[in-house]
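Let me begin by presenting the structure, written as structure tokens, before commenting on it.
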Amino acid sequence: MNRCTLNPAWIGKTFDDFLFRPQEGIATSRSKISLTSSLVAGVNLELPIISSNMDSVTNGSMAETMALEGGLGVIHRGQSIQKQADIVKQVKRSHSAIIDNPLCLPLCATIGEARTFCKKHNINGILVETEPGSNILAGVLTRRDMPWQDAFDNSSVKDFMTPFLKLKTAPYDIGIDDADRLMFEGRIERLPLINDKRNIQGLITRKDLRFLRERPYASKDSKGRLLAAAAIGCTGDYLERADELLSSGVDCFFLDIAHGHSKVLQQGVEQIKKYFPDTPLISGNVATGEAAQFMAQLGVDGVKVGVGPGRGCRTRLETAAGVPQLQAIREVWCAVGGQITIIADGGIQVDKDIFLALACGADSVMLGSALSGTDEAPGKVIVDPATHTKKKIYRGMTSPEAVLQSLYETSGNESEQEILDTPAEGQEIQVPYKGSVTDILHRIRGHLRSSVSYAGSHTLEHAREKITPDPLKFLVPLSLASQKESFDR
Ligand code: XMP
């Protein structure tokens, strides 16, 4: 079904070609403007921002923070299946109201092993079971209980843990409010959930409860765990990868290749849909209405739009392939808008571009460079010896550096020689170090709310209902002089 044909006024147009004509404001308080939008049917994001599946943008820390702030992180696939699956697990465990199957060490473990275990899994406390695999609670050991001197490395955890008889525990079905009260009264940080045979069934931590109360808008699944998405390819070991990710609790697959409108993607989507029919699948990338219809016919839940607009991309320079990003978003909306969700991917340079993407057809927006350089993005901060300014690396996933890293980390993907023979369509750059991504997301949230207010709406949903059927009624095309007046600062 084609919703509409593309108005020729969109051809060749992207974000800086338009301003939005301010509408009479109706919002009484900007801070109350809802930005909820759908990721795929049945899954909403309070902040429709997704961090790119790039190895310089999204791994565990970014995915965790994105979900806590109401967005979503897509964990990149330039790493081994095991590493990617472990990161999904880590995100699903973090800040969850109830941690199912919490990590355990046996009574016979040593303090040295416990220390390594805490570091590896980034946790502050361990449930101790009577014997390896028994799943019967023997005690709790926290970092605070562990002596810091190496001399104790061979001592038993048994000598330092709080034993079962001194622990407060609760049944698995305890309500969150009751758990909170119990933990406050007992001044305890961890509440193991067990059955009448002392079998460990879950764990609640006060830190997680506090976090969830402070962030009612966090992106969560039906069990109160943070949402986590992960990227997969469509050749090599992608089915095995998808299977591991699913076992780790992933909520959504992003099947993502440079040229999504292709036979190879079709075969990949068909297999994923066959083996994992219940997991939402977003696929891409595409830049045309025909490609979006192709995706919709394959039965995907969402389509990712963007060929070459990204800051780390060289595709348009090297191959001449691409469609200006706002035109691409509009073309895709005309083809499949309302049928499957649309994720605008790449090319966002300033916050106003996000609102334009959403108003013109996207349901959510994926950001790479805008979120790079932050504490939560993978990679170390480097100090430029000449200027003493702090930087981080941001790189396209087909940059030579990212390709080599990925070949080193993974095996069983596309033929190594074929990858090495394909010239790069991405580049590595240094970006300024920006501190925490939380501040960037707060800024985006504020600007997006202001855009909605200027659009004469009280929610993003209302603004989109009004504008998206015919955005040109609301947009002012810019001359070179007006672009200069608007953007030269
Ligand atoms: P921004 O503009 O937000 O774009 O930095 C992020 C998006 O860029 C895409 N991407 C690439 N595109 N070659 C490309 O042509 C690459 O090597 C590459 N790496 C990432 C990707 O869609 C990402 O979300």
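Remember, it's 1-based here, ligands and their atoms both numbered in the order they're listed.
Nearest protein neighbour of atom 2 (O) of ligand 1, counting heavy atoms only, is Gly347 N, 2.9 Å. Shortest contact from atom 7 (C) of ligand 1 to any protein heavy atom: Asp345 OD1, 3.4 Å. The shortest contact between atom 16 (C) of ligand 1 and any protein heavy atom is with Thr398 OG1, 3.3 Å. Nearest protein heavy-atom contact of atom 13 (N) of ligand 1 is Glu425 O, 2.9 Å. Closest protein heavy atom to atom 3 (O) of ligand 1: Gly368 N, 2.8 Å. The nearest heavy-atom contact from the protein to atom 10 (N) of ligand 1 is Cys313 SG, 3.8 Å. The single protein non-hydrogen atom nearest to atom 15 (O) of ligand 1 is Thr315 OG1, 2.5 Å, given as residue, atom name and distance. Looking at atom 19 (N) of ligand 1, its nearest protein heavy atom turns out to be Met397 N, 2.7 Å.
The aromatic rings of His261 and His259 stand perpendicular to each other, their planes meeting at an angle above 60°, with 30° marking the opposite boundary.
Contacts with ligand 1 closer than 4.0 Å are made by no heavy atom of Arg395, backbone or side chain.
Considering only residues two or more places apart in sequence or on other chains, Arg445 meets the side chain to side chain donor-acceptor pair (under 3.5 Å) condition with none of them. Applying the ring-ring contact (aromatic ring centres under 6.0 Å, His included) criterion to Phe15, with sequence neighbours excluded, gives no partner residue.
Polar contact with ligand 1: present for Ser369 (N/O pair, distance under 3.5 Å). Taking distance alone, with nitrogen or oxygen atoms compared against 3.5 Å, Arg311 approaches ligand 1 more closely than that limit.
The pair Arg93-Asp208 does not count as a salt bridge, with every side-chain nitrogen at least 4.0 angstrom from each carboxylate oxygen.
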*Apply the test side chain to side chain donor-acceptor pair (under 3.5 Å) to residues Asp86 and Gln82: give CA-CA distance (whole Å), side-chain angles for both, the deciding distance (0.1 Å), then the verdict.*
CA-CA 6 Å; Asp86 283 349; Gln82 200 50 54; 3.2 Å; yes
_Applying salt bridge (charged side-chain N to carboxylate O under 4.0 Å, His left out) to Asp375 and Lys392, what does each step give before you reach the verdict?_
CA-CA 9 Å; Asp375 291 325; Lys392 282 186 93 166; 5.8 Å; no
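Atoms of ligand 1 lying under 4.0 Å from at least one heavy atom of Tyr394, given by number and element, are 1 (P), 4 (O), 5 (O), 6 (C). The Ser52 neighbourhood of ligand 1 comprises atoms 6 (C), 23 (C), 24 (O), with distances under 4.0 Å to a heavy atom of that residue. Listed by atom number, the atoms of ligand 1 under 4.0 Å from Asn285 heavy atoms are 22 (O). Within ligand 1, counting atoms from 1 as listed, the ones closer than 4.0 Å to a heavy atom of Leu367 are 3 (O).
Using modelled atom types, no side-chain atom of Gln427 and backbone atom of Arg314 make a donor-acceptor pair closer than 3.5 Å. Judged by distance alone, with hydrogens and angles left aside, the side-chain atoms of Lys92 form no donor-acceptor pair with the main-chain N or O of Ser248 at under 3.5 Å. Side-chain atoms of Glu331 never come within 3.5 Å of backbone atoms of Trp10 as a donor-acceptor pair (strictly under, hydrogens ignored).
A cation-pi arrangement is present between Arg30 and Tyr454 under the rule of less than 6.0 angstrom and at most 45 degrees off the ring axis.
Heavy-atom proximity to atom 4 (O) of ligand 1, evaluated over Ala370, Gly310, Ala321, is greatest for Gly310.
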